[in-house]
**Q** 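A single structure is presented below for examination.
Every chain is numbered from 1 and lettered A, B, ... according to where its sequence line falls, protein lines coming before strand lines. These numbers come from a predicted model, not from an experiment.
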Protein chains: 2
Amino acid sequence: MFELDIRSRKPIYEQLVDKLKELIISEVMKADEQLPSVRVMAQQLTINPNTIQKAYRELEVQGYIYSIKGKGSFVSPDTPKQNSEKMKTIKTELIKLLSEAMYLGITSDQLVEIIKEVESTIGGGSKSDSIQ
Amino acid sequence: MFELDIRSRKPIYEQLVDKLKELIISEVMKADEQLPSVRVMAQQLTINPNTIQKAYRELEVQGYIYSIKGKGSFVSPDTPKQNSEKMKTIKTELIKLLSEAMYLGITSDQLVEIIKEVESTIGGGSKSDSIQ
DNA sequence: CATCTGTATTACGATTAATAGTACACTAGG
DNA sequence: CCTAGTGTACTATTAATCGTAATACAGATG
């Protein structure tokens, strides 16, 4: 199903998140389609179910899938369209600005503060755990 | 000279970076003024010289001081100033972009990820407890 | 040469992160 | 109900990272 590099620096669950995200964004997997259960997936990839679960949870937090206890995990009908041209442009610009700001001495702490502020003005619609 | 909290969750070298940065930004320490040598500082604070050195190095990376082997470390004549017009412009632009991105569904987690990436390419900006 | 200075290398201890093992909880179909 | 599927929570173990320290090296100055 996937090729995972078990000895990569990149954690398995993260590789999994990336691959699945790609499948979802590219709409190879369609809205409300069920994903393989954590155990099935785990068996196929010969890794621990809990690692799959971690990936699924991450995808859920990011809004790509939703999970129902006892039923399964499914592709979200309203996934973040971060592959849109607009989002790509924004991300590129963001990285440029962040680099500049950090080069001028702004700290991660300060950036996180700014994010929290913006988050609150946008409204609580965030699917993410709040930043501590 | 300083009060460092040895049992704080925040690393000693980071506390040192913050304190010194403050002194420099507030111009209590002026351009080209020499800082205490790593050893003197270490003895005064009863910590290892290498910890001081790490702080100094961080400050140098961020452009607050410069060091010359065999001579000493000195306040940079051109320190980053976050209240500069340039920084203000960047912050404003940053908030605008962040709002757009979050409106399109990007999560705080993802933003933190991006910050971490940028941070590592910059060459290790000061790390924060807030980002995990 | 003696004694300042910063720097590089290495190692150790503690903390954190990734993964695994096990047990719990919910759902749906016999 | 009960069983076999599902996700989830908790704990343990291993690996990686991080902060700090010990030591040794290297340039500057007189």
**Q** Taking only residues two or more places apart in sequence, or in another chain, which ones meet B:Thr79 in a side chain to side chain contact (heavy atoms under 4.5 Å, CB included)?
**A** B:Ile24, B:Tyr64, B:Val75, B:Ser76, B:Lys81
**Q** Cut-off 3.5 Å, no hydrogens considered: what does the side-chain donor-acceptor table look like for residues 65-74 of chain B, sequence neighbours left out?
**A**
from: B:Tyr66; atom 1: OH; to: B:Asp32; atom 2: OD1; distance (Å): 2.6
from: B:Ser67; atom 1: OG; to: B:Ser73; atom 2: OG; distance (Å): 2.9

**Q** Once you round it to whole Å, what is the distance between P of D:dT6 and CD1 of A:Ile65?
**A**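 Whole-Å distance recorded here is 14 Å.
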**Q** For B:Lys19, enumerate each residue passing the side chain to side chain contact (heavy atoms under 4.5 Å, CB included) test, keeping only those at least two apart in sequence or located in another chain.
**A** B:Phe2, B:Glu3, B:Leu4
**Q** When the distance from CZ of A:Arg9 to P of C:dA18 is rounded to whole Å, what number comes out?
**A**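 In whole Å, C:dA18 P and A:Arg9 CZ are 14 Å from each other.
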**Q** In whole angstrom, give the distance that lies between atom CD of A:Gln43 and atom P of D:dG7.
**A** 14 Å
**Q** Hey, does the side chain of B:Lys71 come within less than 4.0 Å of D:dT29's phosphate (OP1/OP2), counting only N and O?
**A**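 Indeed, a polar side-chain atom of B:Lys71 lies that close.
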**Q** Which one, D:dG19, C:dT19, C:dG6, comes nearest to the side chain of B:Ser73?
**A** C:dG6
**Q** Suppose we screen for side chain to side chain contact (heavy atoms under 4.5 Å, CB included). Which residues come up paired with B:Gln53, at least two apart in sequence or across chains?
**A**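 Result, side chain to side chain contact (heavy atoms under 4.5 Å, CB included) vs B:Gln53: B:Val38, B:Asn50, B:Arg57.
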**Q** Expressed in angstrom and rounded to an integer, what is the separation of A:Met41 atom CE from C:dT19 atom P?
**A** 14 Å
**Q** Looking only at side-chain atoms of B:Arg57, point me to the closest of C:dT7, D:dG19, C:dA8.
**A** C:dA8
**Q** Can you identify which nucleotide, out of C:dG6, D:dG19, D:dG7, has its nearest atom closest to the B:Ser67 side chain?
**A**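 Nearest listed nucleotide: C:dG6.
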**Q** Measure from the side-chain heavy atoms of A:Tyr13 and tell me the nearest of C:dG6, D:dG19, C:dT19.
**A** C:dT19
**Q** Expressed as a whole number of angstroms, how long is the span from B:Leu4:CG to D:dT20:P?
**A**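 So the two atoms are 10 Å apart, to the nearest Å.
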**Q** If only atom types and distance count, is the side chain of B:Gln15 paired as donor or acceptor with the main-chain N or O of B:Lys10 below 3.5 Å?
**A** yes
**Q** Could you tell me the separation between the CD1 atom of A:Ile52 and the C1' atom of D:dA9, rounded to a whole number of Å?
**A**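 One finds 17 Å between C1' of D:dA9 and CD1 of A:Ile52, rounded.
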**Q** Just by modelled atom types, is the B:Asp5 backbone N or O under 3.5 Å from a matching donor or acceptor in the B:Ser8 side chain?
**A** no
**Q** Expressed in angstrom and rounded to an integer, what is the separation of B:Glu60 atom CD from C:dA8 atom C1'?
**A** 14 Å
**Q** Below 3.5 Å between N/O atoms, which protein atoms pair up with nucleotides 20-25 of chain C? Just atom names and distances, please.
**A**
from: C:dA20; atom 1: OP2; to: A:Asn48; atom 2: N; distance (Å): 2.8
from: C:dA20; atom 1: OP2; to: A:Thr51; atom 2: OG1; distance (Å): 3.0
from: C:dG21; atom 1: O6; to: A:Asn50; atom 2: ND2; distance (Å): 2.0

**Q** Measure CD/A:Gln15 against C1'/C:dA18 and give the value in whole Å, please.
**A** 12 Å
**Q** Looking only at side-chain N and O atoms, does A:Ser37 come under 4.0 Å of OP1 or OP2 in D:dG5?
**A**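 Checking A:Ser37 against D:dG5: no side-chain N or O falls below 4.0 Å of OP1 or OP2.
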**Q** Taking 4.0 Å as the cut-off, does a side-chain nitrogen or oxygen of B:Gln53 come that near to OP1 or OP2 on C:dT7?
**A**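 The answer is yes; a side-chain N or O of B:Gln53 sits under 4.0 Å from OP1 or OP2.
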**Q** I'd like to check the salt bridge (Lys or Arg N to Asp or Glu O under 4.0 Å) partners of A:Lys30; sequence neighbours left out, ordered by chain and number.
**A**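 A:Lys30 satisfies salt bridge (Lys or Arg N to Asp or Glu O under 4.0 Å) with no residue once adjacent residues are dropped.
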